[in-house]
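Here the structure comes first, spelled out in C-alpha coordinates, and everything after it is commentary.
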Amino acid sequence: MSSTIPLLKDLLDDIQDYTLSEKCEKRIRKGSEHLNDAMITSQLNFIIESNLWYGVRKACDCFDKKVVDNGIIWVKEINAKSANSGEKNFTFYYWIAYFGDNPTGYLIKECKPKSGENREWKILIENCDSDFIYHDVFDKDDSELEASIKIFIKKVKQAVSGDYYEEDEE
(Lines give C-alpha, C1' and ligand atoms only; values in the text may rest on other atoms or scores of the structure.)
Protein backbone atom coordinates (compact mmCIF):
# COMPACT_ATOMS: atom_id res chain seq x y z
CA MET A 1 0.00 0.00 0.00
CA SER A 2 2.97 2.30 -0.30
CA SER A 3 1.42 4.17 -3.24
CA THR A 4 -1.40 5.64 -1.18
CA ILE A 5 -0.94 8.68 1.06
CA PRO A 6 0.48 7.84 4.50
CA LEU A 7 -2.43 9.37 6.40
CA LEU A 8 -4.79 6.74 4.99
CA LYS A 9 -2.51 3.73 5.12
CA ASP A 10 -3.62 2.61 8.61
CA LEU A 11 -7.26 3.19 7.75
CA LEU A 12 -7.13 1.27 4.46
CA ASP A 13 -5.07 -1.55 6.00
CA ASP A 14 -7.82 -2.18 8.56
CA ILE A 15 -10.90 -0.69 6.85
CA GLN A 16 -13.13 -3.59 7.95
CA ASP A 17 -12.53 -2.58 11.59
CA TYR A 18 -13.58 1.05 11.13
CA THR A 19 -16.95 2.64 11.59
CA LEU A 20 -17.54 5.89 9.71
CA SER A 21 -20.22 8.21 11.01
CA GLU A 22 -21.36 11.78 10.66
CA LYS A 23 -20.46 13.82 13.71
CA CYS A 24 -22.21 17.00 12.62
CA GLU A 25 -23.58 18.80 9.60
CA LYS A 26 -23.41 22.53 9.04
CA ARG A 27 -25.65 24.29 6.54
CA ILE A 28 -23.89 27.42 5.39
CA ARG A 29 -25.72 30.40 3.92
CA LYS A 30 -24.70 33.97 3.25
CA GLY A 31 -23.83 35.62 6.56
CA SER A 32 -23.69 32.28 8.39
CA GLU A 33 -21.85 32.28 11.72
CA HIS A 34 -19.93 29.23 10.46
CA LEU A 35 -18.02 31.53 8.10
CA ASN A 36 -16.26 32.96 11.17
CA ASP A 37 -14.72 29.55 11.93
CA ALA A 38 -11.08 29.39 10.73
CA MET A 39 -11.29 25.64 9.98
CA ILE A 40 -14.43 26.12 7.87
CA THR A 41 -13.01 29.07 5.93
CA SER A 42 -9.73 27.24 5.33
CA GLN A 43 -11.62 24.29 3.84
CA LEU A 44 -13.96 26.47 1.82
CA ASN A 45 -11.04 28.48 0.44
CA PHE A 46 -9.36 25.21 -0.58
CA ILE A 47 -12.50 24.11 -2.44
CA ILE A 48 -12.81 27.49 -4.18
CA GLU A 49 -9.10 27.87 -5.03
CA SER A 50 -9.07 24.32 -6.44
CA ASN A 51 -11.93 25.21 -8.82
CA LEU A 52 -13.89 22.19 -7.65
CA TRP A 53 -17.40 23.64 -7.86
CA TYR A 54 -18.71 24.79 -11.23
CA GLY A 55 -18.95 28.56 -11.48
CA VAL A 56 -17.70 29.19 -7.93
CA ARG A 57 -14.72 31.51 -8.16
CA LYS A 58 -15.09 33.33 -4.84
CA ALA A 59 -16.93 32.73 -1.57
CA CYS A 60 -19.88 34.95 -2.46
CA ASP A 61 -20.62 32.68 -5.47
CA CYS A 62 -21.51 29.90 -3.02
CA PHE A 63 -24.44 31.95 -1.82
CA ASP A 64 -25.60 33.14 -5.24
CA LYS A 65 -28.75 31.21 -6.18
CA LYS A 66 -27.81 31.59 -9.85
CA VAL A 67 -24.61 29.60 -9.21
CA VAL A 68 -25.41 27.19 -6.34
CA ASP A 69 -28.92 25.80 -5.88
CA ASN A 70 -30.69 27.79 -3.14
CA GLY A 71 -27.39 29.56 -2.32
CA ILE A 72 -26.64 26.92 0.32
CA ILE A 73 -23.58 24.71 0.84
CA TRP A 74 -23.05 22.01 3.46
CA VAL A 75 -20.13 20.52 5.31
CA LYS A 76 -20.31 17.30 7.28
CA GLU A 77 -17.69 16.19 9.74
CA ILE A 78 -17.13 12.46 9.31
CA ASN A 79 -15.34 10.41 11.96
CA ALA A 80 -13.68 7.06 11.35
CA LYS A 81 -13.22 5.06 14.53
CA SER A 82 -11.43 1.77 14.88
CA ALA A 83 -13.18 -0.98 16.79
CA ASN A 84 -9.79 -2.45 17.75
CA SER A 85 -7.85 0.66 18.69
CA GLY A 86 -9.16 3.84 20.22
CA GLU A 87 -5.99 5.59 19.11
CA LYS A 88 -6.53 5.12 15.37
CA ASN A 89 -9.23 7.66 14.62
CA PHE A 90 -9.55 9.92 11.59
CA THR A 91 -11.60 13.02 10.86
CA PHE A 92 -12.72 13.93 7.35
CA TYR A 93 -14.83 16.77 6.01
CA TYR A 94 -17.42 16.27 3.30
CA TRP A 95 -18.39 19.40 1.39
CA ILE A 96 -21.41 19.37 -0.90
CA ALA A 97 -23.29 21.83 -3.06
CA TYR A 98 -25.98 21.33 -5.68
CA PHE A 99 -25.82 22.62 -9.22
CA GLY A 100 -29.02 22.16 -11.24
CA ASP A 101 -30.23 19.57 -8.69
CA ASN A 102 -26.99 17.59 -9.13
CA PRO A 103 -24.82 17.02 -6.05
CA THR A 104 -21.12 17.77 -6.24
CA GLY A 105 -19.23 16.86 -3.10
CA TYR A 106 -15.70 16.31 -1.89
CA LEU A 107 -14.34 14.36 1.04
CA ILE A 108 -11.20 16.15 2.21
CA LYS A 109 -8.62 15.46 4.88
CA GLU A 110 -6.18 17.85 6.50
CA CYS A 111 -2.54 17.11 5.69
CA LYS A 112 0.45 18.21 7.66
CA PRO A 113 1.54 21.62 6.36
CA LYS A 114 4.82 21.64 4.49
CA SER A 115 5.76 24.94 6.08
CA GLY A 116 4.26 27.65 8.23
CA GLU A 117 0.92 27.47 9.95
CA ASN A 118 -1.36 27.35 6.91
CA ARG A 119 -3.64 24.35 6.73
CA GLU A 120 -3.29 22.05 3.76
CA TRP A 121 -6.05 19.80 2.46
CA LYS A 122 -6.22 16.78 0.20
CA ILE A 123 -9.19 15.54 -1.79
CA LEU A 124 -9.82 11.87 -1.13
CA ILE A 125 -13.20 11.25 -2.76
CA GLU A 126 -15.29 13.17 -5.26
CA ASN A 127 -19.05 12.78 -5.49
CA CYS A 128 -20.35 13.74 -8.90
CA ASP A 129 -24.06 13.03 -9.39
CA SER A 130 -23.88 10.37 -6.65
CA ASP A 131 -20.89 8.59 -8.20
CA PHE A 132 -18.17 8.46 -5.56
CA ILE A 133 -14.67 8.43 -7.06
CA TYR A 134 -11.43 7.87 -5.13
CA HIS A 135 -8.90 10.62 -5.89
CA ASP A 136 -5.59 9.27 -4.68
CA VAL A 137 -3.11 7.46 -6.90
CA PHE A 138 -2.83 3.74 -6.29
CA ASP A 139 -1.53 0.68 -8.05
CA LYS A 140 -4.57 -0.72 -9.86
CA ASP A 141 -2.84 -4.14 -9.91
CA ASP A 142 -3.01 -4.19 -6.11
CA SER A 143 -6.35 -6.00 -5.75
CA GLU A 144 -6.22 -5.92 -1.95
CA LEU A 145 -5.84 -2.13 -1.93
CA GLU A 146 -8.54 -1.74 -4.57
CA ALA A 147 -10.92 -3.83 -2.43
CA SER A 148 -10.09 -1.67 0.63
CA ILE A 149 -10.79 1.50 -1.35
CA LYS A 150 -14.19 0.15 -2.46
CA ILE A 151 -15.08 -0.57 1.17
CA PHE A 152 -13.88 2.90 2.19
CA ILE A 153 -16.02 4.52 -0.51
CA LYS A 154 -19.04 2.47 0.57
CA LYS A 155 -18.57 3.50 4.20
CA VAL A 156 -18.20 7.17 3.19
CA LYS A 157 -21.42 6.95 1.13
CA GLN A 158 -23.23 5.41 4.10
CA ALA A 159 -21.97 8.13 6.45
CA VAL A 160 -22.84 11.07 4.19
CA SER A 161 -26.17 9.64 3.00
CA GLY A 162 -27.46 8.52 6.40
CA ASP A 163 -31.00 7.18 6.14
CA TYR A 164 -30.99 7.84 2.39
CA TYR A 165 -28.18 5.37 1.68
CA GLU A 166 -28.99 2.73 -0.91
CA GLU A 167 -26.74 -0.22 -1.63
CA ASP A 168 -25.07 0.02 -5.04
CA GLU A 169 -25.57 -2.78 -7.51
CA GLU A 170 -22.39 -4.13 -9.01
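- We find the CD-CD1 distance between Glu77 and Ile40 to be 8.5 Å, quoted to the nearest 0.5 Å.
- Between the side chain of Asp37 and the backbone N or O of Met39 there is at least one donor-acceptor pair closer than 3.5 Å.
- More than 12 heavy atoms of other residues, nucleotides or ligands lie within 6.0 Å of CG in Asn51, so this atom counts as buried by the packing criterion.
- A heavy-atom distance below 4.5 Å is found between the side chains of Ile28 and Leu35.
- The one candidate from Lys155, Lys157, Lys76 that meets the salt bridge (charged side-chain N to carboxylate O under 4.0 Å, His left out) condition with Glu22 is Lys76.
- Side-chain atoms of Asp69 come within 3.5 Å of backbone atoms of Gly100 as a donor-acceptor pair (strictly under, hydrogens ignored).
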Exercise. Determine, stepwise, if the pair Asp61 / Phe63 fulfils side-chain contact (heavy atoms from CB on, under 4.5 Å).
Key: CA-CA 5 Å; Asp61 292 337; Phe63 314 111; over 6 Å; no
Exercise. Give the C-alpha distance, both sets of side-chain angles, the deciding distance and a yes or no for side-chain contact (heavy atoms from CB on, under 4.5 Å) between Phe46 and Ser50.
Key: CA-CA 6 Å; Phe46 168 74; Ser50 299; 3.4 Å; yes
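- Residues passing the salt bridge (Lys or Arg N to Asp or Glu O under 4.0 Å) test with Asp17: none are found, sequence neighbours excluded.
- Panel note: side chain Ser82, backbone Tyr18; no donor-acceptor pair is recorded below 3.5 Å.
- Residues Ser148 and Asp13 fail the side-chain proximity criterion, which asks for heavy atoms closer than 4.5 Å.
- With rounding to the nearest 0.5 Å, the separation of CG in Asn127 from CZ in Phe132 is 3.5 Å.
- For Tyr106 and Phe92, the distance between ring centers is not under 6.0 angstrom.
- Taken together through direct or relayed side-chain contacts under 4.5 Å among Ile, Leu, Val, Met, Phe, Trp and Tyr, Trp74 and Phe99 form parts of separate hydrophobic clusters.
- Note: the hydrophobic cluster containing Ile47 does not contain Ile96 (ILVMFWY, side chain heavy atoms under 4.5 Å, direct or indirect links).
- Using a 4.5 Å cut-off on side-chain heavy atoms (C-beta onward), Tyr134 and Ile153 make contact.
- Of all heavy-atom pairs spanning Arg27 and Ile72, the tightest one is CG-CG2, 3.3 Å.
- The distance from the CD1 atom of Ile73 to the CH2 atom of Trp53 is 4.5 Å, given to the nearest 0.5 Å.
- Residues satisfying the salt bridge (Lys or Arg N to Asp or Glu O under 4.0 Å) test with Lys30, not counting sequence neighbours, are none.
- In this structure, OH in Tyr93 is found 7.5 Å from NZ in Lys23, a value given to the nearest 0.5 Å.
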Practice problem: Step by step, work out the side-chain contact (heavy atoms from CB on, under 4.5 Å) result for Gln16 and Ile151. | Solution: CA-CA 8 Å; Gln16 296 286 7; Ile151 294 167; 3.1 Å; yes
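- When hydrophobic clusters are built by joining Ile, Leu, Val, Met, Phe, Trp and Tyr residues whose side-chain heavy atoms come closer than 4.5 Å, directly or via intermediates, Ile125 is not grouped with Tyr54.
- Here the CH2 atom belonging to Trp121 is positioned 9.0 Å from the SG atom belonging to Cys111, to the nearest 0.5 angstrom.
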Quiz item: Should Val68 and Val56 be marked as a side-chain contact (heavy atoms from CB on, under 4.5 Å) after you check the CA-CA gap, both sets of side-chain angles, and the distance that decides it?
Solution: CA-CA 8 Å; Val68 175; Val56 174; 3.9 Å; yes
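- For Ser161 (side chain) and Gln158 (main-chain N/O), no donor-acceptor pair under 3.5 Å exists by modelled atom type.
- The one candidate from Val156, Val160, Thr91 that meets the side-chain contact (heavy atoms from CB on, under 4.5 Å) condition with Ile78 is Val160.
- How far CZ of Arg29 is from NE2 of His34: 10.5 Å, rounded to the nearest 0.5 Å.
- Using a 4.5 Å cut-off on side-chain heavy atoms (C-beta onward), Trp95 and Ile108 make contact.
- Annotation: side chain of Phe90 is not in contact with side chain of Leu20 (no heavy-atom distance under 4.5 Å).
- Using a 4.5 Å cut-off between side-chain heavy atoms of Ile, Leu, Val, Met, Phe, Trp and Tyr, with links allowed through other members, Leu145 and Leu124 fall into the same hydrophobic cluster.
- In the hydrophobic clustering of this structure, Leu11 does not group with Ile123; members are Ile, Leu, Val, Met, Phe, Trp, Tyr whose side-chain heavy atoms approach within less than 4.5 Å, directly or through other members.
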